[in-house]
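First comes the structure, then the notes that go with it.
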Amino acid sequence: MLDIKKLLVDKPETLRTKLEQRGCPPDTLHRLRELYEPFRTLIHRRDELNARRNRESHEIGALMKAGQKDEAESRRIAVRELGDQIGKITPELSEAEKRLHEFMLTIPNLPHDSVPVGPDESANQEIKRWGTPPQFDFKPLDHVELGNDLRILDIERAARITGARFAILRGLGARLERALINFCLDLHTQPFNPETKLHGYEEVWPPLIVNDRTLIGTGQLPKFEDDLYRLKDVEDVSMELDAQKTTPRKYYLIPTAEVPLTNIYAAETLEGSRLPIKMVAYTPCFRSEAGSYGKDTRGLIRQHQFDKVELVKLTRPEDSYDELESLTRDAEAVLEKLELAYRRVALSTGDLGFSAAKTYDIEVWLPSQNTYREISSCSNCEEFQARRAMNYLRFSRSPNSKPEFVHTLNGSGLAIGRLWVALLENYQQADGSVVIPEALRPYIDGLELIK
RNA sequence: GGAGAAGUCGCCUAGUGGCUGAGGGCGGCGGUUUGCUAAACCGCUAUAGGGGCGUAAACCCCUAUCGAGGGUUCGAAUCCCUCCUUCUCCGCCA
């Protein structure tokens, strides 16, 4: 959520250009103003009426005490009118406030000045490359063929027990998945290295089901509900029975561990000395992939359920861009240890996710596609998430200083399913076997080869 | 699922209709004193919104907030209703 007062009132030009760069409809600013002005007028009027009533009521109290009953009685009738006016204006005000707030929740974060400006992914900027894509003197297979032949991947039967975009891993395939998860977790939970600035994350096991408030906090709601799996809500029913207005909670499967992790301290004020807070979690992730029909239909690249190790940081504002660099390095370290070629790309203003101010994608080399494919996305959301939905996630520099919003960052470290794919494809041999890179062997009983 | 208790300012707590945005203690910050520490004493110690404000900070004023929402009243931390959360006991369960 943006700081409406600071931006709309003080810096409308910045707001306009940044929204444009992001591809927001051109009338966004105008609509925002149209919602903000009546809110401002109404709240001003309401405050004035309240002030008058408070003053009058106070005086009535004094009269009563002084025994001037008649005078008090007539004043009381007059003030009752005031109350009626307030009663009339209140629903108008809350309606205006609600509409403003709801609209605010649909406006994306503003891109950081260092983000390349452009309409879509064609304007993304390659930052660096690491490693050399492997050369094969045979025609490399893709992970589906490899997995089938090795009997470690079964997509057809998964379709039977669930549907499309699900997979069964078995035998060494399942074992490999588990090894990769543990490998990533062990790497990121190593003690912080002050020289390289790497690692030092606290391991977390979060809930896999979260409520709507939490999803508003990180930005998936209200705009992207279609991408989520929603659970049937038993609480809806019990609330309807007594016809109260209490908003029922909606439950969803998490699309990424970013959601529960970033929200852990929502609405709290943290001590400044605790920052940065760095957390890592392995979780399955659930995405409906609405609107991606026909995209990546083959194999494990795009699944409704996939495993991911996620990194989340809460930092001081002045540190967040350094922390984004080191978080990205943390993610890249996984690929370097496993000796998989990758490149880093800075997303352009038109390609940024909703909550991000700046994002690096890490793309791993996939021989079957002869290209680099996204395996991690590392973002600095600045204070956007910390502000949303009254989730005032803040910190105090010292006990008496005014609380400020923390900056939130997240990044995959890494997407395990895609890592599984990259490993099979990059380490395949002519006979269809797959070499296990050395760094991973301790996690898979010292196994050197899947065949 | 059944029964009971409770939710006030970072923490503990006072408060049964106006003098209460809210007293006391602890903690924290600043100061006086001091060779240093401690003690003692003094002061400060919520957040959000709106306005003064015409760049920012500072400051001032108003409004809201005593778990949440609603109601009664000229006026609600206090009375009424509903909900939420936490704790205890019983039941069930991986």
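The structure displayed is predicted, hence computed values, not measured ones. For the numbers below, each heavy atom of this structure counts, side chains included, while hydrogens, waters and symmetry mates do not. Below, chains carry the letters A, B, ... as their sequence lines are ordered, and counting in each starts from 1.
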Assigned partner base of B:C79, Watson-Crick or wobble definition, under 3.5 Å = B:G71
request  = Quick one: sort the A:H304 and A:F166 rings into parallel, tilted or perpendicular, breaks at 30° and 60°.
outcome  = tilted
Got a list of side-chain donor-acceptor pairs under 3.5 Å for residues 103-111 of chain A, not counting sequence neighbours?
unit_1: A:T106; atom_1: OG1; unit_2: A:F103; atom_2: O; d: 2.7
unit_1: A:N109; atom_1: ND2; unit_2: A:S355; atom_2: O; d: 3.0
unit_1: A:N109; atom_1: ND2; unit_2: A:C381; atom_2: O; d: 3.1

query = Just checking A:I60: base, sugar-phosphate only, or nothing, at a heavy-atom cut-off of under 4.0 Å?
reply = base
query = For A:T14, what residues pass the side chain to side chain contact (heavy atoms under 4.5 Å, CB included) criterion, not counting sequence neighbours?
reply = A:K11, A:K18
ask   = Who is the Watson-Crick or G-U wobble partner of B:A64, with both distances under 3.5 Å?
value = B:U47
ask   = Quick one: A:R80 CZ to B:U73 C1', roughly how many Å, whole number?
value = 9 Å
Between N or O atoms, less than 3.5 Å apart, protein on one side and nucleotides 62-66 of chain B on the other: list the pairs.
unit_1: B:U63; atom_1: OP1; unit_2: A:N54; atom_2: ND2; d: 3.2
unit_1: B:U63; atom_1: O2'; unit_2: A:D47; atom_2: OD1; d: 2.9
unit_1: B:A64; atom_1: OP2; unit_2: A:N54; atom_2: ND2; d: 3.4

remark   = Sorted by position of nearest nucleotide on RNA chain B, 5' first, the leading residue of A:S57 and A:D3 is A:S57
Expected list for residues 67-78 of chain A: side-chain donor-acceptor pairs under 3.5 angstrom, two or more places apart:
unit_1: A:S74; atom_1: OG; unit_2: A:E71; atom_2: O; d: 3.0
unit_1: A:R75; atom_1: NH2; unit_2: A:E56; atom_2: OE1; d: 3.3
unit_1: A:R75; atom_1: NH2; unit_2: A:E59; atom_2: OE1; d: 2.4

inquiry  = Tell me which nucleotide, if any, is Watson-Crick or G-U wobble paired with B:G1 when both distances must be under 3.5 Å.
reply    = B:C90
task = Rounded off to whole Å, could you give me the CG-to-P distance for the A:D70 and B:C74 pair?
result = 17 Å
inquiry  = Strictly below 4.0 Å, N to O, side chains only: are A:R16 and A:E13 in salt-bridge contact?
reply    = yes
request  = Taking atom C1' in both B:A46 and B:A39, compute the distance separating them and give it to the nearest angstrom.
outcome  = 30 Å
query = Expressed in whole Å, how much space separates the P atoms belonging to B:G15 and B:G1?
reply = 35 Å
key: A:G83 vs A:F39, nearer the 5' end of RNA chain B by closest nucleotide   = A:F39
message = Whole angstroms only, please: what is the CD-C1' distance between A:Q85 and B:C74?
response = 14 Å
task = Determine: side-chain N/O of A:K5 to OP1/OP2 of B:G50, distance under 4.0 Å, yes or no.
result = yes
task = For B:G50, take OP1 and OP2 only and decide whether either is under 4.0 Å from a side-chain N or O of A:R40.
result = no
ask   = Whom does B:U33 pair with, Watson-Crick or G-U wobble, provided both distances fall under 3.5 Å?
value = none
query = Looking only at atom P, what distance separates B:A64 and B:C83, rounded to whole Å?
reply = 28 Å
query = What integer distance in Å separates A:L82:CG from B:U73:P?
reply = 16 Å
Spacing of the C1' atoms in B:U33 and B:G43 (rounded, Å) = 15 Å
task = Identify the nucleotide, in any strand shown, that forms a Watson-Crick or G-U wobble pair with B:G21, with both distances under 3.5 Å; if there is none, say none.
result = none
query = When rounded to the nearest Å, what value does the distance between P atoms of B:U16 and B:C59 take?
reply = 36 Å
inquiry  = Rounded to whole Å, please give me the gap between CD1 in A:I43 and P in B:G50.
reply    = 7 Å
Base-pairing mate for B:U16 - Watson-Crick or G-U, with both contacts under 3.5 Å = none
ask   = Atom CG of A:L8 to atom P of B:G49: distance rounded to whole Å?
value = 14 Å
query = What is the pairing partner of B:U85, taking Watson-Crick or G-U wobble pairs with both distances under 3.5 Å in any strand?
reply = B:A6
message = Work out how far the C1' atom of B:G71 is from that of B:C9, and round it to whole angstrom.
response = 27 Å
request  = May I ask you to say what A:R75 touches in the nucleic acid, namely base, sugar-phosphate or nothing, with a heavy-atom cut-off under 4.0 Å?
outcome  = nothing
ask   = Does any nucleotide pair with B:A56 by Watson-Crick or G-U wobble geometry, both distances under 3.5 Å, and what is it?
value = none
ask   = Looking only at side-chain N and O atoms, does A:Y36 come under 4.0 Å of OP1 or OP2 in B:G50?
value = yes
Side-chain donor/acceptor pairs under 3.5 Å, residues 88-95 of chain A, sequence neighbours excluded:
unit_1: A:T90; atom_1: OG1; unit_2: A:I86; atom_2: O; d: 2.6
unit_1: A:S94; atom_1: OG; unit_2: A:T90; atom_2: O; d: 3.0
unit_1: A:S94; atom_1: OG; unit_2: A:P91; atom_2: O; d: 3.2

message = Say we look at B:C66 and B:G50: how far apart would their C1' atoms be, to the nearest angstrom?
response = 23 Å
query = Should A:D361 and A:R344 count as an ion pair when the cut-off is N to O under 4.0 Å?
reply = no
query = Between A:E97 (CD) and B:G50 (P), how many Å, whole number?
reply = 10 Å
key: Ion pair check, A:R175 and A:D445, cut-off under 4.0 Å   = yes
query = For A:L42 and B:G51, what is the distance between atoms CG and C1' respectively, to the nearest whole Å?
reply = 15 Å
query = Say you pick atom C1' in B:G21 and the same atom in B:A76; how far apart are they, in whole Å?
reply = 14 Å
query = Between A:R287 and A:E289, is there a side-chain N and carboxylate O pair less than 4.0 Å apart?
reply = no
query = Among all residues two or more places apart in sequence or in another chain, which pass the ring pair (Phe, Tyr, Trp, His ring centres under 6.0 Å) test with A:F183?
reply = A:Y443
